[in-house]
Amino acid sequence: MRNVVIGFVALVGFSNAYAEEIMCNKKQTRCVTESQVVSIGDRVGFLNEDNELVAVGEVKGMKGERRAVLVKKRHGTIYRDHRLTLLGGVDSDATNMSQYKIYQRPSEMTVGATAGLATVNIGEGAPGIESTVYGQWRSWNGINLVARGVFSQVEGTVQHYTETAVENSNVSATGLGLLGGISYIMRQTKPLAFRAELGLGLQYISASVDGDAGKIGAHGYNTKVKNGVGAYGRWSLGAMYRVGSNWHVHADVAQSLIHEAFMSTLAGGLSMDLK
């Protein structure tokens, strides 16, 4: 039993060392690794942790357990913890890759739009709509740069405080904003992914109470917004599901702040990978 345990520990140690043995040049055209199952002329593949084929190459040299691989086609970046697998021997007619899923590199640029129901904490709550369009550029390790345009429109009631009473008045507000920010996508190469976004920018507000824009911000009216341009922030969390090769369906929860007014939104959307 002791020998079995010692053998198992040794095997695990070898596997960990082997997993760190893939080393490639800067352009990832040639790699060196250790293997006892491939030899010169064999077609090999590099697999990631999800068993996806990241690159395909051919063994061009060997010394002991060392194998030099010429990378012929690459679908993504080869990392040290990837695995080498035999795709076809030297006498094979064709490379057998049908059993492996090809790794899909995250898109460099994405455009999309969302629309949803919103409410602002003015009075008893002013319901309305929010719609957005955005562009996203992949930057580094799941972090993206985002530019987003937002249109919102709400209507509700606001309390008007007088010396003798509290009255309810109708309030309406339309907003047009522009944000710049960042997003982070977790599981971005999987069919189901999760996305968070934070943006800062400016928003133009056009609001009125009982049709009178002069009552916005006037004494006794707690409208929480002002007409004109103000600082604007928006953040969101959501899930996205890939449909086909380059389309995604979104479901988001978002909150935004303009002046003293918080807007909460439940939205759905669609995005497309451009490249």
Side-chain angles (χ1 to χ4, degrees), residues 110-136 144-160 167-185 193-218 221-243 247-274:
T110 301
V111 294
T114 67
L117 300 177
T119 181
V120 180
N121 65 334
I122 297 176
E124 298 296 325
I129 60 170
E130 182 194 68
S131 57
T132 79
V133 293
Y134 74 95
Q136 176 177 278
N144 311 278
L145 300 178
V146 181
R148 184 179 294 268
V150 181
F151 172 81
S152 60
Q153 191 170 41
V154 297
E155 291 186 1
T157 58
V158 64
Q159 292 180 331
H160 175 215
E167 301 174 348
N168 287 328
S169 300
N170 294 325
V171 61
S172 63
T174 300
L176 188 62
L178 185 62
L179 299 153
I182 60 172
S183 70
Y184 177 76
I185 301 177
F194 301 95
R195 185 178 183 278
E197 181 181 327
L198 173 64
L200 298 173
L202 299 173
Q203 186 177 60
Y204 173 78
I205 294 291
S206 176
S208 64
V209 175
D210 293 332
D212 186 355
K215 292 182 179 180
I216 295 294
Y221 291 94
N222 187 21
T223 57
K224 296 187 179 181
V225 294
K226 301 176 182 178
N227 281 314
V229 178
Y232 177 45
R234 185 181 186 274
W235 52 97
S236 65
L237 293 172
M240 47 191 290
Y241 185 77
R242 182 184 298 129
V243 180
W247 288 93
H248 305 269
V249 177
H250 295 249
D252 294 330
V253 176
Q255 278 198 324
S256 57
L257 174 64
I258 176 69
H259 300 134
E260 298 178 0
F262 276 99
M263 174 181 282
S264 298
T265 305
L266 291 176
L270 194 65
S271 67
M272 180 179 66
D273 297 332
L274 296 184

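Heads up: numbering here begins at 1 and tracks the sequence.
- Shown here for Ile258 and Val225, the closest heavy-atom pair between the two residues is O-CG1, 4.2 Å.
- For the residue pair Tyr134 and Ala113, the shortest heavy atom distance occurs at CE2-N, 4.1 Å.
- For Leu274, the CG atom is densely surrounded, since the number of other residues' heavy atoms within 6.0 Å is greater than 12.
- Applying the side-chain contact (heavy atoms from CB on, under 4.5 Å) criterion to Val253, with sequence neighbours excluded, gives Leu266.
- Between Asp252 and Gly238, the shortest heavy-atom distance links the atoms OD1-CA, 3.3 Å.
- Applying the salt bridge (charged side-chain N to carboxylate O under 4.0 Å, His left out) test to every pair with at least one member in residues 148-157, sequence neighbours left out, gives these pairs: Arg148-Glu197.
- With sequence neighbours left out, Asn121 forms a side-chain contact (heavy atoms from CB on, under 4.5 Å) with Lys224, Ala261, Phe262.
- For the side chain to side chain donor-acceptor pair (under 3.5 Å) condition, the pairs that include at least one residue of residues 231-243, sequence neighbours left out, are Glu130-Arg234.
- In terms of heavy-atom proximity, Ala118 sits nearest to Thr265 at CB-OG1, 3.5 Å.
- With sequence neighbours left out, Glu260 forms a side-chain hydrogen bond (donor to acceptor under 3.5 Å, both in side chains) with no residue at all.
- With sequence neighbours excluded, the residues satisfying side-chain contact (heavy atoms from CB on, under 4.5 Å) with Phe151 are Ser131, Gln153, Thr174, Leu176.
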Can you give me every donor-acceptor pair (side chain of residues 203-216, partner residue at least two apart or in another chain, under 3.5 Å) with its distance?
residue	atom	partner	partner atom	Å
Ser208	OG	Ser172	OG	3.4
Asp210	OD1	Asn170	N	3.0
Asp210	OD2	Ser169	OG	3.4
Asp212	OD1	Gly214	N	2.9

Applying side-chain contact (heavy atoms from CB on, under 4.5 Å), run through Val158 and Asn168 and close with a yes or a no. CA-CA 6 Å; Val158 64; Asn168 287 328; over 6 Å; no
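- To the nearest 0.5 Å, atom NE2 of residue His248 and atom CE of residue Met240 are 4.5 Å apart.
- Residues that satisfy the side-chain hydrogen bond (donor to acceptor under 3.5 Å, both in side chains) test with Ser264, not counting sequence neighbours, are Gln255.
- Residues forming a side-chain contact (heavy atoms from CB on, under 4.5 Å) with Leu202 (at least two apart in sequence, or on another chain): Val229.
- Residues satisfying the side-chain hydrogen bond (donor to acceptor under 3.5 Å, both in side chains) criterion with Thr110, sequence neighbours excluded, are Asp273.
- Distance check, rounded to the nearest 0.5 Å: CG of Leu179 to CG of Leu200 gives 7.5 Å.
- For the side-chain hydrogen bond (donor to acceptor under 3.5 Å, both in side chains) test, residues two or more places apart in sequence or in another chain that qualify with Ser183 are Gln136, Asn144.
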